[in-house]
Structures are given as C-alpha cells and as structure tokens.
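The first residue in the sequence is number 1, and the count goes up from there. Values below: every heavy atom of this structure, side chains too, minus hydrogens, waters and symmetry copies. Keep in mind it's a predicted model, so treat the numbers as computed, not measured.
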Amino acid sequence: MHENFIDVVLDGQLVRALVDSGASLSVISETFRRQLKKLLFCSSQNLTFRVADGNHVKPLGTCILRVTMQNQTQPFEFTVMPKCSHDVILGWDFLKASQAIIDCGRKKLTFDEMTFEPQHPNRLDVFTIEDCLIPARSMAKIRISSPRVTEDNVDVIVESNKFLLMRQEVAIPSTIMTLLNKSGELWVANGHNQHRCIPKGMRIGYAEFVNPTCVNTLSGPLSHEDVTEERASFIEYTLMLAPTLNEEQQTKLSDLLKKFPDAFEESHKDNRRRINVKHKIETGDHSPISQRPYRISPAERRIIHDEVEKMLRKEVIQPSKSP
C-alpha cells in the first residue's frame with residue numbers, strides 16, 4: 001500500500017485504487033467501466049451521493065467487477081459515477097466485506113485470507129454460463145457449467161459458494177443434479193430487497209460426483225396405481241354428475257371417472273365449478289348507490305386486474321350488467 005493507494009486487479013487489468021474508509025460505497029468512473037466494457041445495471045432507488053467537494057452527484061447505476069487479490073478472484077458490486085477523481089475507489093463496503101485491517105502507523109493494508117474459500121482437491125468448480133439477473137425476493141434458474149467434468153452425462157452434488165450467501169444474500173440450495181455435456185440448470189434464491197447480478201464466468205459453487213451407495217431415498221417410487229389414486233382424491237366427482245341420473249347411474253359414472261383422473265386437472269382449486277343456483281338482491285325503487293373506488297397503487301391495480309381476468313376465464317365470475 002502506497003500512501004492511500006493499493007494496486008488491485010479488476011477483470012484482469014492492474015489498476016491503482018484509492019482506499020477511502022470514509023466512503024460508504026466503492027465506486028468506479030463511467031470512463032473506466034466503458035474501458036472494461038462492463039454491463040451497467042440501473043438502480044431502482046433514486047440515490048444522490050455527496051462527494052468530497054461538497055457537491056451532490058447521482059450515480060449511473062452499478063456493475064460487477066472481478067477483484068483479484070492474494071491469488072483469489074471474487075466478484076464485487078461497484079457503484080458507477082459519471083465523474084470521479086479516481087478510476088477506482090475502494091470504500092467501506094469493500095473493506096468490511098474483505099475484513100481488511102488498516103495499520104495507519106505502518107501504512108499497511110492487509111486482508112483476512114479466511115474470507116476466501118479454500119480449494120478442495122476433490123471438488124469441481126461450478127461457473128455461470130451467462131450473466132444472470134435475479135429479481136429481489138425471488139428465485140430463478142441459472143445455467144451453469146463445470147469444465148473439469150469429463151463425462152457427458154453425470155450426477156453431481158452441488159454446494160453453494162458461501163460468498164454469495166454472506167455478502168450478497170444469494171443462496172443456492174445443496175442439490176443433486178445431472179450435468180449433460182458439462183452443463184445444467186440450477187435454482188438460485190435472492191433474499192435481498194434489491195436485484196442481484198451473477199456475472200458470466202463467476203464461480204458460484206462446487207460439485208462432487210454422486211456415490212450411488214451413499215444416496216438413499218425417503219420412500220420408494222410411487223407406482224402408477226398410487227399416483228392415480230392420489231390424483232383421484234383431489235377431484236370432486238360429485239360436481240360432474242348430473243342430478244337427472246339415478247343412484248345406480250351416478251355410482252357407475254363416478255367409478256368410471258375415478259379410473260381416468262389424468263383426464264382432469266390435478267388441483268381441485270382450478271376446476272370450473274358449475275353452480276346452478278341463481279341469486280338476486282331486490283333493491284326495489286331505490287336509486288343506485290354510487291361511491292368513489294378505493295385508492296390503490298398502480299402495482300395493486302395490476303394485480304387486481306390479473307386476478308379478475310383469471311376468475312373470468314374460469315367462469316367463477318361474469319361481467320356485471322348492473323346500472
């Protein structure tokens with residue numbers, strides 16, 4: 001570390017970065033982002049930063065850079081500023097995430113190596129094939145690859161990179177999956193209130209070959225008869241029987257329907273219910289009551305519209321003809 005500067009490698013390029021413990025976030029200049037040709041993600045929040053000269057500057061967004069330190073490469077999210085005194089400023093968020101120790105007397109900056117996950121000789125690195133954007137508080141499938149896999153069709157156990165969970169609140173559940181031609185799809189959960197980006201080529205976890213002798217199932221596979229019986233238990237066949245049939249005819253038709261539950265929707269909640277009951281509310285000569293609708297946000301209005309459309313398609317409701 002020279003004065004307040006440190007040499008770091010960002011996306012394979014050596015750069016001298018300013019270490020500023022008074023900066024809340026780590027930033028890069030828009031010029032440097034364009035030089036690296038990195039994807040810019042616009043922020044959903046209307047943030048304004050107060051810079052060293054006292055002016056207020058609005059950031060352009062964020063981008064993900066691969067930071068190489070102590071022979072370890074990890075991704076980190078930087079805020080992109082339209083103008084910046086230095087191409088790269090490492091702020092408090094970077095120092096905290098890397099568990100940096102600042103020795104002012106010796107002008108030395110050290111990083112705790114324990115924050116980086118050690119390599120395991122029996123583990124295969126798992127990388128993302130493409131840039132992935134995971135919305136806030138949601139799950140998404142991402143495409144992954146393990147180049148060191150030599151077989152075209154192999155079962156592996158995938159475990160998450162702890163960095164994603166500890167620093168970005170992105171969790172990958174441990175799972176058994178099949179890699180076809182060294183690639184596959186994996187579920188990822190974003191527990192943060194903002195979207196998270198997983199860049200192409202990032203190591204998101206590790207894989208180990210499955211040992212069949214060490215894998216047990218909680219129960220045996222269901223037979224076709226078991227599946228048919230389970231589906232049949234969720235279907236209300238009485239709603240399909242016409243009231244004009246006598247008891248013997250209803251019994252025969254019910255037994256026939258139960259033999260072929262695959263012909264109907266699996267969930268009874270999605271079935272269209274035919275109700276032959278008509279209902280009226282007599283208002284007499286009273287004039288129609290009119291009042292302003294409840295105030296709702298655009299997001300709530302969109303949800304209400306979608307739900308009403310679903311019920312119309314299922315014929316749960318019908319358009320009103322009232323005045």
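- Contact detail for S160 and I172: the closest heavy-atom pair is CB-O, 3.3 Å.
- Residue-environment remark: CD (Q318) stays at or below the threshold of 12 foreign heavy atoms within 6.0 Å.
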Can you list the steps and then say if D93 with F76 is a side-chain contact (heavy atoms from CB on, under 4.5 Å)?
CA-CA 10 Å; D93 59 339; F76 196 81; 3.7 Å; yes

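- Side-chain atoms of R137 and N193 form a donor-acceptor pair, as typed in the model, at a separation below 3.5 Å.
- For the pairing with R33, the side chain to side chain contact (heavy atoms under 4.5 Å, CB included) check across T62, L39, L40 returns one residue only, L40.
- Considering OG1 of T150 and CG of L124, their distance stands at 8.5 Å, rounded to 0.5 Å.
- Between the side chain of E185 and the backbone N or O of I142, no donor-acceptor pair lies under 3.5 Å.
- No more than 12 heavy atoms of other residues, nucleotides or ligands shown are found within 6.0 angstrom of CZ on R50.
- Separating the CG atom in L95 from the CG atom in D20 is a distance of 9.0 Å, to the nearest 0.5 Å.
- Remark: the backbone N or O of H286 is not paired with any side-chain donor or acceptor of T283 at under 3.5 angstrom.
- In plain terms, the two heavy atoms of P82 and E30 that are nearest each other are O-CB, 4.0 Å.
- Hydrophobic cluster membership is shared by M311 and I304, with clusters built from Ile, Leu, Val, Met, Phe, Trp and Tyr side chains linked at under 4.5 angstrom.
- Judged as a side-chain contact (heavy atoms from CB on, under 4.5 Å), and not counting sequence neighbours, the contacts of L179 are I144, S146, V149, V154, V156, M177.
- Side-chain contact between L180 and D152: absent, with no pair of heavy atoms (C-beta onward) separated by less than 4.5 Å.
- To the nearest 0.5 Å, the span separating CD on E309 from NE2 on H305 amounts to 4.5 Å.
- Using modelled atom types and a 3.5 Å distance limit, the side chains of T178 and D155 yield a donor-acceptor pair.
- For the pair F78/V88, a side-chain contact is recorded, criterion being any heavy-atom separation below 4.5 Å from C-beta on.
- V126 and I129 fall into different hydrophobic clusters, defined by Ile, Leu, Val, Met, Phe, Trp and Tyr side-chain heavy atoms under 4.5 Å apart, directly or through other members.
- The main-chain N or O of S138 is never found under 3.5 Å from a side-chain atom of N190 such that the two would form a donor-acceptor pair.
- With rounding to the nearest 0.5 Å, the separation of OG1 in T31 from CG in L36 is 11.0 Å.
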With side-chain contact (heavy atoms from CB on, under 4.5 Å) as the criterion, how do I198 and V170 come out once you've worked through the C-alpha distance, each side chain's angles and the decisive distance to 0.1 Å?
CA-CA 9 Å; I198 301 181; V170 174; 4.2 Å; yes

Any chance you could lay out the side-chain contact (heavy atoms from CB on, under 4.5 Å) test for V67 and F94, step after step, and finish with the verdict?
CA-CA 10 Å; V67 182; F94 182 86; 4.1 Å; yes

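- Put simply, I64 and I134 are part of two different groups of oily side chains (I, L, V, M, F, W, Y) that touch within less than 4.5 Å, one to the next.
- In this structure, H86 and F5 have tilted ring planes: the angle between them lies in the 30° to 60° band.
- If you chain together hydrophobic residues whose side chains sit under 4.5 Å apart, L245 and L257 fall into the same group.
- In this structure, S85 and I89 approach most closely via the heavy-atom pair OG-CD1, 4.2 Å.
- Residues meeting the side-chain contact (heavy atoms from CB on, under 4.5 Å) test with N246, sequence neighbours left out: E248, Q249.
- With S254 contributing its side chain and Q250 its backbone, the two residues share no donor-acceptor pair below 3.5 Å.
- Here the straight-line distance linking atom SG of C132 with atom NZ of K141 works out to 13.0 Å at 0.5 Å rounding.
- For P147, the side-chain contact (heavy atoms from CB on, under 4.5 Å) partners two or more places apart in sequence, or in a different chain, are F127, S145.
- In this structure, CD on Q35 lies 10.0 Å from CD1 on I28, to the nearest 0.5 angstrom.
- Residues L312 and I317 have side chains in contact (heavy-atom distance under 4.5 Å, counting atoms from C-beta outward).
- For F49 against P59, the heavy-atom pair with the smallest separation is CE1-CG, 4.1 Å.
- The closest donor-acceptor contact from the side chain of S26 to the backbone of G91 lies under 3.5 Å.
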Mind running side-chain contact (heavy atoms from CB on, under 4.5 Å) on S21 and W92 for me, showing each step along the way?
CA-CA 5 Å; S21 58; W92 182 252; 4.3 Å; yes

Take D11 and K38, measure what salt bridge (Lys or Arg N to Asp or Glu O under 4.0 Å) needs, and give me the verdict at the end.
CA-CA 9 Å; D11 274 43; K38 299 298 294 185; 2.9 Å; yes

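- Between T175 and I157 there is no side-chain heavy-atom pair separated by less than 4.5 Å.
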